[in-house]
Every structure is written in structure tokens, then in C-alpha cells.
Asks: 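Please read through the structure below; I'll follow up with questions.
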Amino acid sequence: MKNQEIAAQFEEIADALELKGEMQFKVLAYRRAARSLEELTDDVAELAKSGKLREIPGIGEGTAKKIVEYLDTGKMKKLAEALEGLSEELLDLLKIPGLGPKTLALAHNELGVNTLADLKRVLGDGTLAQLPGMGEKKVDNLRKGVEVREHASARLRLDQALEVAEKVVAHMKLIPEVKEITPAGSLRRSKETIGDIDILVTGNGDTPRRDVPLRIIAHFTKYPETETVLSAGDTKASIRVKTATHAVQVDLRVLPQDTYGAALQYFTGSKEHNVKLRTLAREKGLKISEYGVFKGKKRIAGRTEKDVYATMKMPVPPPEIREDRGEIEAALRGKLPKLVELSDIKGDLHVHTSRSDGSFTLEQMVEAAKAKGYAYVAITDHSPAAAYAGGLSIDRLKKSMEDIDRLNEEMSRTDYHRDAAKPRGTRRKKKSVDGHFTIHNSPFTILTGAEVDILPDGKPDYPDRILEQLDVVVCSIHQGFRKNVTGRICDALANPNVDIIGHPSGRLLSRRAGYDVDLDKVLECARKYGKVLELNSYPDRLDLNDLYLRKAKEMGIRIAVNTDAHGIRDFDWMKYGVATARRGWLEKPDVVNCLSLNALLRLLRKN
DNA sequence: GCCGTTTTCGGCCCGACTGTTTTCAGTCG
């Protein structure tokens with residue numbers, strides 16, 4: 001798919017035009033077109049073929065033509081034209097915090113700055129400081145910006161950001177002036193990665209009012225892990241905080257109690273959601289800011305988020321879906337989804353033990369799953385091809401299945417000892433002679449399973465006679481990331497003994513983009529064979545991602561939200577999976593491990 | 001450049017912070 005490529009071209013046009021002082025709205029239009037393409041899960045080439053480009057929001061006559069031009073010729077004249085006299089390296093300088101298009105254009109035009117080296121030179125020799133509107137402090141800030149940029153690395157993963165936020169919150173709670181404190185921003189929206197952390201605070205009224213925000217800000221800037229204080233005003237401050245891997249920006253905003261809802265709404269974002277909401281308000285003759293909803297000078301709402309959205313005659317969209325992906329329209333029509341919740345999850349269908357590469361025994365993992373309040377867990381150790389992970393030979397797998405059966409029986413005995421009125425549960429079998437199967441009556445059931453490699457030839461790494469004895473078969477790609485991945489996954493989906501495709505894209509947020517796979521084709525195959533796709537909750541995966549989850553839902557494909565736990569604490573990752581599921585608009589019926597054990601097994605049998 | 005239950009032209013979210021300014025521009029989120 002060329003979607004990302006074309007989006008990048010539009011971004012570049014926007015940067016170049018901005019540098020050349022082109023009208024802001026034109027620049028914005030290119031950026032919006034780029035964002036739309038980035039989020040598009042349909043192939044833009046297909047849409048071009050069927051003449052549907054203009055149906056993409058933000059794509060109009062001009063950008064549609066440029067897309068077609070690029071698809072036909074591999075080039076975009078407008079980009080070459082916009083880049084005239086500029087270089088990619090120059091545009092890259094825009095990523096330096098504090099260095100915007102105006103200042104960069106000034107440095108470029110007046111001092112011939114084209115590269116990072118040029119910029120450092122004019123920052124160092126005082127020539128930039130002498131230009132109109134510039135001064136020593138600005139130059140100082142830019143020097144800092146260059147340093148930050150040079151040491152900047154990837155965004156934080158959701159789990160890492162959460163840890164930083166929790167520590168900062170704990171620090172802030174040390175002083176009595178802090179009354180309420182909430183992380184907002186992309187963290188509250190549970191984005192898979194977090195650029196910076198936003199924290200909202202209300203001041204306690206017990207102390208003299210005017211001092212409170214100042215003291216809170218002062219305490220914030222003294223957070224022990226602070227690397228730099230970027231800014232500190234009367235109501236808001238920004239610091240950079242050291243983490244194990246790199247520094248992250250943390251913004252703090254202090255607000256009065258009666259504007260808390262408006263501020264929470266504003267600070268949660270996303271920016272696109274807020275712009276849409278504020279535009280809507282403007283059409284109604286209202287104005288929304290972080291201080292409230294205003295009719296003329298009069299504030300008509302602001303205390304709670306509910307009040308703010310109510311002025312637009314809509315319920316509160318869950319934070320996870322505030323991305324301007326249709327949630328405002330849905331809310332206005334009263335059609336907001338009832339998103340899946342952590343408490344809806346009844347089991348985990350992808351779990352490893354020390355038999356393969358897990359760190360805990362079968363018994364320990366089972367206890368941990370029970371402690372989560374689940375009704376079932378599927379034990380899915382690796383298959384032999386995953387030698388590096390101690391994949392199980394057929395004999396070892398059979399031994400594991402026997403152990404699971406025995407453990408199930410033991411659990412049912414203990415459970416019925418407590419409740420003698422219930423009949424003794426019969427042993428669960430995959431398939432009985434007459435095609436029916438009987439269900440274990442224990443309140444907790446261990447399902448037999450495996451995470452089976454999809455081999456280079458597309459076959460699962462266990463023979464069908466083995467697979468058909470397992471309750472849950474998760475098939476995953478662990479090798480041959482570039483070798484016909486789409487075809488191999490679709491072959492696996494066609495196999496009636498395969499239930500779930502594990503981490504379908506194979507991406508690792510901190511390390512790699514993913515397999516060379518056409519997810520649209522995978523979704524199509526999953527739909528065709530009625531199979532389940534995994535949302536892997538491992539914080540570095542979160543795979544499928546929010547966009548493809550939504551697409552899967554729309555196609556009627558069901559999702560298993562699994563942790564891929566290799567240790568007992570990994571079961572906690574379920575919260576990241578559920579958060580991502582929510583971002584994908586998934587509801588309880590979309591998630592197979594919200595089903596009761598009986599219903600789940602019925603569903604898997606249909607495969 | 002995009003877009004339209006008041007518009008095919010005339011709009012396009014809103015405010016804080018900083019620094020260099022005598023009232024505002026640039027940047028950011």
C-alpha cells in the first residue's frame with residue numbers, strides 16, 4: 001500500500017510550504033490530508049481506481065489529483081516545486097523544539113542555514129542572535145532544543161509512560177496544596193505510545209488561594225528525576241524527566257475546581273477531537289476553551305466533562321476513542337459504542353509456561369489466572385520450530401495435555417468438595433464420538449492449546465491429528481518475516497484446526513515495523529473462514545492495532561484479547577489490551593474471551 | 001487546499017508561555 005508514502009509526501013509539502021510562508025490554511029490542508037491517509041486502512045490505490053478518493057475526509061480536488069499523479073508516475077510535481085531551493089535536511093530542522101518555520105526561514109534566508117551544522121554555527125557565533133526579533137535567550141533555547149532533538153528517541157510505550165506518570169503523581173501528592181490530580185492527554189486516551197505526559201491538578205482551597213498554584217508549580221519543578229525545566233508560568237509548567245532509556249516531557253496544569261471538566265476535556269484531546277468539537281460549538285454560537293463553554297462572555301459549563309459535552313447535546317465519548325474518527329458524529333446520534341471493559345474478560349487464550357519459554361510452571365500460571373477472577377485459561381506453549389523458545393515436541397505436548405487434564409480433575413474435586421450438592425463434572429473432551437462434547441463443570445477450566453509456528457511452507461508446525469486434540473490453537477509467524485507472510489497466514493486460516501492468528505502484524509513498537517504482510521487480505525481470510533484474530537496485549541506489540549481492530553469489527557471478525565503471558569505478572573498486561581480494544585471501538589460481543597466457557601468452545605468448534 | 005441544516009465564497013479552535021517587544025510574533029499543545 002502506498003498510503004504511508006503519499007502521506008509522507010503531503011507532510012513534506014506542508015513543511016516546505018510553511019517554510020516558504022505559504023498561507024497557514026493551505027499548509028493545514030496538506031497536513032489533514034496526510035493524517036487521513038496515515039489512518040486509512042483501505043488501500044488508497046483501490047480507492048483511486050474506483051473514483052472514491054474524494055470520500056476520504058480532507059481529500060479534495062487538488063490532493064486527489066496529486067494522489068492519482070503519484071500512483072501513476074511515482075512522482076508529485078507539487079512536491080518538487082515546493083522543495084525548490086530547500087533541502088530535506090533543512091526541513092528536518094523543523095523537528096527541533098522551539099524552532100518553527102518563521103525562525104528557520106529567517107536563518108535560511110539571512111544566514112544561508114541549510115544543515116544542522118550551519119544552524120549550530122550561527123547559534124554559536126552570535127550571528128543568529130543579531131537578527132531582528134532574535135536575542136540571547138532565544139538562541140539559548142534553540143541550543144537546548146538542538147540538544148533535546150539530538151538525544152531524542154522513540155516515544156514511550158504506554159506502560160512506560162504510565163509508570164512515569166504514577167511516580168510524578170506520587171511526588172505531587174506529597175504537598176497538601178494538591179487536591180485532585182489526573183493524568184490526561186494521550187495517556188488518558190491509552191494510545192500505544194506516548195509523546196509527552198499531561199497532568200492536571202486542582203489546588204486545595206485550605207491554603208491562601210493565590211499562592212496555591214505557584215507552590216504547586218514550584219513543587220512540580222523540583223521533581224527529583226527532572227532533567228530540565230522547560231517552562232514554568234503561573235498556571236502551567238513543563239519539565240523533562242529522566243527515564244531508564246531517555247527523557248520525556250511532562251506538562252502540568254493547575255486549575256480552579258470550577259473549570260476542571262473543561263480543562264480535563266481540553267487536556268485529554270486529541271487535538272483533532274478538540275478542533276472538531278470547538279468548530280461545532282462555534283457553529284452553535286458557543287465557544288469552548290479549557291476554561292469552559294461560553295455564550296458570549298457568560299460561562300455556561302465547565303465543572304465536569306459531562307456538562308461540557310451536554311452543551312453540544314451529546315454524551316461523553318470515552319477518552320480512548322476521542323480521535324476524530326467519527327466519535328463526535330456517533331455521540332450526536334446517540335450511537336456511541338458500549339466499549340468492552342476489563343471486567344468483561346473471562347479468560348486468557350495465549351499463555352506460556354516454563355515448558356517452553358515461560359518463567360513459571362503450569363500450576364503457577366494457572367493459579368495466577370484464577371487470581372484474576374477468570375473462568376478459564378488456555379495454555380499455549382511454543383511448537384518445535386521455535387527451538388530458541390524451547391518449543392514442545394509432540395511427546396512433550398502430549399505430556400502437557402495429560403497434566404492439564406489431571407489438574408482440571410483435581411480442581412474439580414476440590415471445588416466440589418466445597419459444594420457437594422453439585423454433580424461431579426465430567427472430563428472435558430475436544431470431540432466425542434457423536435460429535436458433541438462435554439464440558440467440565442469446574443468453575444475454572446484449563447484449556448489445552450499451543451502457539452503453533454506457521455512454517456515457511458504455510459503449514460502449522462504440528463500435524464492436524466495433534467491440532468485437532470487441542471482446545472485452542474493459536475498460529476503465529478515467528479520466522480520468515482519477508483517470505484510470503486500473507487499467503488502463509490491465509491493458509492493457516494483455511495485450516496479447520498486453527499482457531500486464532502497470534503499477533504497478526506508482528507510489529508514491535510520499540511524495535512521493528514512488522515512482517516511484510518497485507519493485513520487487509522488477512523482480515524478478508526479471517527472473515528471468510530470465520531476465524532479469530534488476536535489482539536496481543538504485550539505492551540510492545542498491541543497487535544492488531546486500534547485501526548485494524550475497528551476494521552475487523554466492521555467486517556464481523558471476532559478478536560481474542562490475550563496477554564501472551566510468560567510470567568505471572570504478565571497477566572496484568574490485559575489492561576493494555578483492553579484499552580487498545582476500546583480504541584478500536586470493540587464491544588463485549590466482539591471479544592471471544594468475554595464469552596462463557598461453553599459459548600467459547602461452541603464458537604471454536606464451529607471452526 | 002478543503003468545505004458547506006444559514007455559505008460554491010469566505011471562512012478555517014483556542015489560549016499559555018516566552019522573548020523581544022512598547023502592543024506583538026512565534027511556538028506549542
Side-chain angles (χ1 to χ4, degrees), chain A residues 10 13-14 17-19 21-36 53-67 78 82 94-107 128-142 144-145 148 184-187 189 194-200 213 217 229-238 249-255 259 262-263 265-294 312 324 328-329 332:
Chain A
F10 283 157
I13 291 177
L17 292 183
E18 192 165 41
L19 206 50
E22 179 58 272
M23 231 191 2
Q24 217 18 254
F25 300 117
K26 210 180 261 197
V27 173
L28 208 70
Y30 278 108
R31 293 207 195 283
R32 270 180 54 212
R35 177 177 177 262
S36 264
L53 286 178
R54 299 284 299 273
E55 289 174 19
I56 306 170
I59 302 293
E61 195 185 339
T63 42
K65 265 192 195 155
K66 290 176 183 81
I67 292 171
K78 177 74 184 181
L94 284 172
K95 291 178 185 147
I96 294 170
L99 183 60
K102 299 285 199 257
T103 312
L104 184 56
L106 187 72
L128 187 64
Q130 284 161 18
L131 293 181
M134 301 302 293
E136 268 313 313
K137 288 206 168 176
K138 269 199 171 174
V139 167
D140 264 355
N141 263 341
L142 286 176
K144 263 192 223 167
V148 164
S186 49
L187 194 57
R189 303 200 310 281
I194 309 292
D196 47 36
I197 295 169
D198 304 302
I199 296 177
L200 290 188
I217 299 275
V229 176
L230 297 169
S231 71
D234 290 346
T235 62
K236 134 180 179 180
S238 299
Q249 183 170 334
V250 182
D251 298 331
L252 184 96
R253 180 100 174 208
V254 187
L255 333 134
T259 64
Q265 192 287 317
Y266 158 75
F267 233 163
T268 298
S270 66
K271 183 182 169 194
E272 288 79 9
H273 174 91
N274 286 350
V275 168
K276 172 72 71 72
L277 193 70
R278 288 173 176 199
T279 307
L280 208 67
R282 173 182 273 267
E283 283 165 12
K284 288 176 180 257
L286 300 175
K287 187 184 73 172
I288 298 183
S289 77
E290 55 264 54
Y291 297 108
V293 184
F294 295 86
M312 297 289 108
D324 188 22
I328 289 177
E329 293 82 352
L332 286 169

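Below, read A as the first sequence line, B as the second, and so on, with proteins coming before strands; counting in each chain starts at 1.
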Asks: NA contact type, A:L99, heavy-atom cut-off 4.0 Å: base, sugar-phosphate, or nothing?
Replies: sugar-phosphate
Asks: With C1' as the reference atom in both, quote the distance from B:dC13 to B:dT8 in angstrom, rounded to an integer.
Replies: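 One C1' to the other, the span is 24 Å.
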Asks: Check A:R31 with A:E18, please: is the shortest side-chain N to carboxylate O separation under 4.0 Å?
Replies: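 Salt bridge between A:E18 and A:R31, a charged N being under 4.0 Å from a carboxylate O: yes.
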Asks: Let's test this: given Watson-Crick or G-U wobble pairing with both distances under 3.5 Å, identify the partner of B:dT8.
Replies: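 Base-paired to nothing in any strand shown.
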Asks: Heavy-atom count around A:E61 CD within 6.0 Å, excluding the residue itself: above 12?
Replies: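 Count not over threshold, so no.
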Asks: So A:E290, base contact, sugar-phosphate only, or nothing? Heavy-atom distance under 4.0 Å.
Replies: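 Since only primed, P, OP1 and OP2 atoms lie under 4.0 Å of A:E290, the category is sugar-phosphate.
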Asks: Please give the distance between the C1' atoms of B:dT23 and B:dT18 as a whole number of Å.
Replies: 15 Å
Asks: So A:K102, base contact, sugar-phosphate only, or nothing? Heavy-atom distance under 4.0 Å.
Replies: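 Contact class for A:K102: sugar-phosphate only.
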Asks: Give me the distance, rounded to whole Å, that separates B:dT20 from B:dT27 when you measure between the P atoms they each carry.
Replies: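 It comes out at 13 Å once rounded to the nearest Å.
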Asks: B:dT6 and B:dG1: how far apart are their P atoms, nearest whole angstrom?
Replies: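 So the two P atoms sit 27 Å from each other.
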Asks: Would you find a donor on one side and an acceptor on the other, under 3.5 Å apart, between the side chain of A:S186 and the backbone of A:R189?
Replies: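 The answer is no, because no donor-acceptor pair under 3.5 Å joins these two groups.
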Asks: Under 4.0 Å between any heavy atoms, over every strand shown, what does A:P101 touch: base, sugar-phosphate, or nothing? Just pick one.
Replies: sugar-phosphate
Asks: Without swapping roles, check the side chain of A:S36 against the backbone of A:P57 for a donor-acceptor pair under 3.5 Å.
Replies: yes
Asks: Using a cut-off of 4.0 Å on non-hydrogen atoms, how would the nucleic acid contact of A:T235 be classed: base, sugar-phosphate, or nothing?
Replies: sugar-phosphate
Asks: Using a cut-off of 4.0 Å on non-hydrogen atoms, how would the nucleic acid contact of A:K276 be classed: base, sugar-phosphate, or nothing?
Replies: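 The answer is nothing, as A:K276 stays clear of every strand by at least 4.0 Å.
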Asks: Check every strand shown and say whether A:I288 touches a base, only sugar-phosphate, or nothing at a heavy-atom separation below 4.0 Å.
Replies: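 Sugar-phosphate: the residue A:I288, judged by heavy atoms under 4.0 Å, touches backbone atoms but no base.
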Asks: Base, sugar-phosphate, or nothing for A:E283, non-hydrogen atoms under 4.0 angstrom?
Replies: nothing
Asks: Both A:R32 and A:R253 contact DNA chain B. Taking the nearest nucleotide for each, which residue is further toward the 5' end?
Replies: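 With A:R32 and A:R253 compared, the 5'-side residue is A:R32.
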Asks: First and last nucleotide of DNA chain B in contact with chain A, 5' to 3', at under 4.0 Å to a heavy atom: what are they?
Replies: B:dG1 to B:dG29
Asks: Write down the distance separating the C1' atoms in B:dC9 and B:dG15, rounded off to the nearest Å.
Replies: 29 Å
Asks: Does any part of the side chain of A:L277, heavy atoms only, come nearer than 4.5 Å to the side chain of A:Q265, both counted from C-beta?
Replies: yes
Asks: How would you label the contact of A:Y291 with the nucleic acid (heavy atoms, under 4.0 Å): base, sugar-phosphate, or nothing?
Replies: sugar-phosphate
Asks: Once you apply a heavy-atom cut-off of 4.0 Å, does A:I96 come out as touching a base, just sugar-phosphate, or nothing?
Replies: sugar-phosphate
Asks: Determine the contact category for A:M23: base if any of its heavy atoms lies under 4.0 Å from a base atom, sugar-phosphate if only primed atoms, P, OP1 or OP2 are that close, otherwise nothing.
Replies: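 Touches a base.
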Asks: Checking all strands, does A:K138 fall into the base, sugar-phosphate, or nothing category for heavy-atom contacts under 4.0 angstrom?
Replies: sugar-phosphate
Asks: So which one's nearest nucleotide on DNA chain B is more toward 5', A:Y266 or A:E136?
Replies: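 Upstream on the strand: A:E136.
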Asks: Check every strand shown and say whether A:E272 touches a base, only sugar-phosphate, or nothing at a heavy-atom separation below 4.0 Å.
Replies: nothing
Asks: Scan A:A281 against the nucleic acid and name what it touches under 4.0 Å (heavy atoms): base, sugar-phosphate only, or nothing.
Replies: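 Counting heavy atoms under 4.0 Å across all strands, no contact is made by A:A281.
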Asks: When you look at NZ of A:K137, are more than 12 heavy atoms from neighbouring residues, nucleotides or ligands closer to it than 6.0 Å?
Replies: no
Asks: Could you tell me if the side chain of A:R253 sits less than 4.5 Å from the side chain of A:D198, heavy atoms only?
Replies: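 No. Closest side-chain heavy atoms not under 4.5 Å.
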Asks: Check whether A:T63 reaches the backbone of A:G60 with its side chain - one donor and one acceptor, N or O, closer than 3.5 Å.
Replies: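 Answer holds: yes.
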Asks: Roughly how many Å apart are B:dC17 and B:dC12, using the C1' atom of each and rounding to a whole number?
Replies: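 The same atom, C1', in both gives a distance of 24 Å.
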